[in-house]
Amino acid sequence: MTSSILTKVEGGVATLTLNRPKEMNSFDGDTARVIIDTIEAFAADEAVRVLVVASEGPAFSAGGDFNWVLTWPELDAITRRVGADAMMGAVQAVYDFPKPSIARVQGAAVGGGVGLMLACDFAVAASTARFGLTSARNGLLAGIAIPVLIQAVGPRKARQLLMHGGIFDAATALRIGLVDQVVDASALDATVAELAGELKRSAPSVQTLIKQLITEVDGMTHDARVADLIGEHVAAQCTTVEAIEGMSAFLNKRKPRWAA
């Protein structure tokens with residue numbers, strides 16, 4: 001049986017590739033749980049500096065597998081909730097990944113597939129890619145995309161995209177902030193590799209701290225508590241091995257160990 005997920009680690013870059021091209025790389029409960037397990041393993045692997053989420057075939061991801069979801073009416077409420085939680089958990093695992101992550105979007109990203117893409121820190125798309133929060137047109141709620149969609153485009157645009165449900169091109173996705181870069185399909189791999197290389201130049205512990213603090217501070221009022229929280233982390237980070245190495249490398253005009 002063909003694996004629904006392919007993985008590799010090369011040069012500090014871990015790639016998780018959705019491998020269900022006939023199903024538009026949609027995910028069922030089993031696939032979602034494999035995604036979660038894979039992400040957790042990459043998070044624990046010190047050799048992994050950057051995560052790339054990619055896909056085989058013409059589509060990036062269609063989100064939840066309709067053939068699977070169509071079985072839900074016959075299931076009890078607890079089992080349905082387990083399935084929904086698995087899909088939410090896959091996206092959340094990518095979002096919570098403590099290292100930089102990049103979505104490599106070569107084709108259609110729709111419904112929950114947009115959520116998976118936006119859970120990554122960066123999204124690089126081929127100019128031929130297409131996007132859409134289409135679930136409402138199928139009588140469904142693209143719930144797994146909502147939290148990250150609001151972060152990416154704001155609540156007003158999120159409402160519009162979710163209610164309208166139409167498909168739009170990569171140029172529109174770039175304009176509204178859904179993706180960060182749009183390149184020719186032939187340049188997609190090189191662009192992702194270049195970005196991953198740039199991300200490896202920064203200190204791993206600082207990148208992890210940035211992801212933690214942005215999430216925490218985003219929900220707080222910008223007041224003295226925020227300044228106190230960040231000040232505490234700034235002071236602590238300055239004493240770390242990586243901080244000392246980074247400053248010494250700069251003063252001695254050499255690369256720090258993690259970027260060598």
Side-chain angles (χ1 to χ4, degrees), residues 3-10 12-20 23-56 59-65 68-69 79-105 109-124 133 135 141-152 158 178-180 192 195-196 199-200 204-205 207-216 218-219:
S3 174
S4 61
I5 299 293
L6 304 176
T7 64
K8 71 174 182 178
V9 179
E10 185 176 336
V13 179
T15 302
L16 182 157
T17 302
L18 303 177
N19 188 37
R20 305 182 78 218
E23 293 82 15
M24 291 185 65
N25 291 309
S26 59
F27 40 94
D28 55 15
D30 290 339
T31 303
R33 283 182 279 273
V34 174
I35 292 173
I36 294 168
D37 291 343
T38 301
I39 294 297
E40 290 178 349
F42 284 155
D45 187 347
E46 292 185 0
V48 172
R49 293 290 317 282
V50 179
L51 168 69
V52 174
V53 178
S55 299
E56 288 288 334
F60 176 72
S61 177
D65 185 340
W68 172 53
V69 178
T79 305
R80 291 196 300 270
R81 181 59 187 269
V82 168
D85 286 348
M87 288 194 294
M88 288 294 296
V91 172
Q92 191 67 39
V94 175
Y95 184 82
D96 289 339
F97 186 68
K99 308 169 191 181
S101 56
I102 306 168
R104 175 197 177 277
V105 186
V110 296
V114 172
L116 189 67
M117 176 188 79
L118 291 178
C120 295
D121 300 311
F122 300 85
V124 181
L133 280 303
S135 298
L141 175 67
I144 63 177
I146 289 176
V148 286
L149 182 64
I150 291 172
Q151 283 194 337
L178 209 64
V179 300
D180 304 293
V192 169
L195 176 56
L199 288 167
K200 289 194 294 179
S205 66
Q207 292 174 325
T208 296
L209 184 57
I210 287 168
K211 295 188 71 166
Q212 171 193 326
L213 280 175
I214 292 296
T215 300
E216 186 173 356
D218 183 54

Check residues 36-43 and write down every donor-acceptor pair under 3.5 Å in which the side-chain atom is one partner and the other belongs to a residue at least two apart or another chain.
from: Thr38; atom 1: OG1; to: Val34; atom 2: O; distance (Å): 2.8

So which atom in [X] and which in [Y] form the shortest heavy-atom distance, rounded to 0.1 Å?
{"X": "Leu133", "Y": "Gly111", "result": "CD1-O, 3.8 Å"}
{"X": "Leu199", "Y": "Gln207", "result": "O-NE2, 2.8 Å"}
{"X": "Val52", "Y": "Val192", "result": "CG2-CG1, 3.9 Å"}
{"X": "Val105", "Y": "Ala109", "result": "CG1-CB, 4.3 Å"}
{"X": "Ile5", "Y": "Asn19", "result": "N-CB, 4.3 Å"}
{"X": "Ala32", "Y": "Ala90", "result": "O-CB, 3.9 Å"}

In Å, rounded to the nearest 0.5 Å, how long is the span from [atom1] of [X] to [atom2] of [Y]?
{"X": "Thr15", "Y": "Arg104", "atom1": "OG1", "atom2": "CZ", "value": "9.0 Å"}
{"X": "Leu116", "Y": "Ile144", "atom1": "CG", "atom2": "CD1", "value": "7.5 Å"}
{"X": "Leu213", "Y": "Asp218", "atom1": "CG", "atom2": "CG", "value": "12.0 Å"}
{"X": "Met88", "Y": "Arg81", "atom1": "CE", "atom2": "CZ", "value": "9.0 Å"}
{"X": "Leu118", "Y": "Ile150", "atom1": "CG", "atom2": "CD1", "value": "11.5 Å"}

Please tell me if the side chains of [X] and [Y] come closer than 4.5 Å, counting only heavy atoms from C-beta onward.
{"X": "Val50", "Y": "Ser101", "result": "no"}
{"X": "Phe97", "Y": "Val53", "result": "no"}
{"X": "Met87", "Y": "Trp68", "result": "yes"}
{"X": "Leu149", "Y": "Leu178", "result": "yes"}
{"X": "Ile35", "Y": "Leu18", "result": "yes"}
{"X": "Val179", "Y": "Val124", "result": "no"}
{"X": "Phe27", "Y": "Asp65", "result": "no"}

Contacts of Lys211 that satisfy side chain to side chain donor-acceptor pair (under 3.5 Å) - sequence neighbours left out: Asp121
Check: [Y] main-chain N/O paired with [X] side-chain donor or acceptor under 3.5 Å:
{"X": "Asp180", "Y": "Ala123", "value": "yes"}
{"X": "Lys8", "Y": "Ala14", "value": "no"}
{"X": "Ser26", "Y": "Glu23", "value": "yes"}

Candidate pair Tyr95 and Gln151, rule side chain to side chain contact (heavy atoms under 4.5 Å, CB included), full reasoning: CA-CA 12 Å; Tyr95 184 82; Gln151 283 194 337; 3.0 Å; yes
Candidate pair Val48 and Lys99, rule side chain to side chain contact (heavy atoms under 4.5 Å, CB included), full reasoning: CA-CA 8 Å; Val48 172; Lys99 308 169 191 181; 3.9 Å; yes
Step-by-step side chain to side chain contact (heavy atoms under 4.5 Å, CB included) determination, Leu141 to Ile146: CA-CA 9 Å; Leu141 175 67; Ile146 289 176; 4.0 Å; yes
Candidate list Ser4, Ser61, Ser55, test side-chain contact (heavy atoms from CB on, under 4.5 Å), partner Arg20, passing option: Ser4
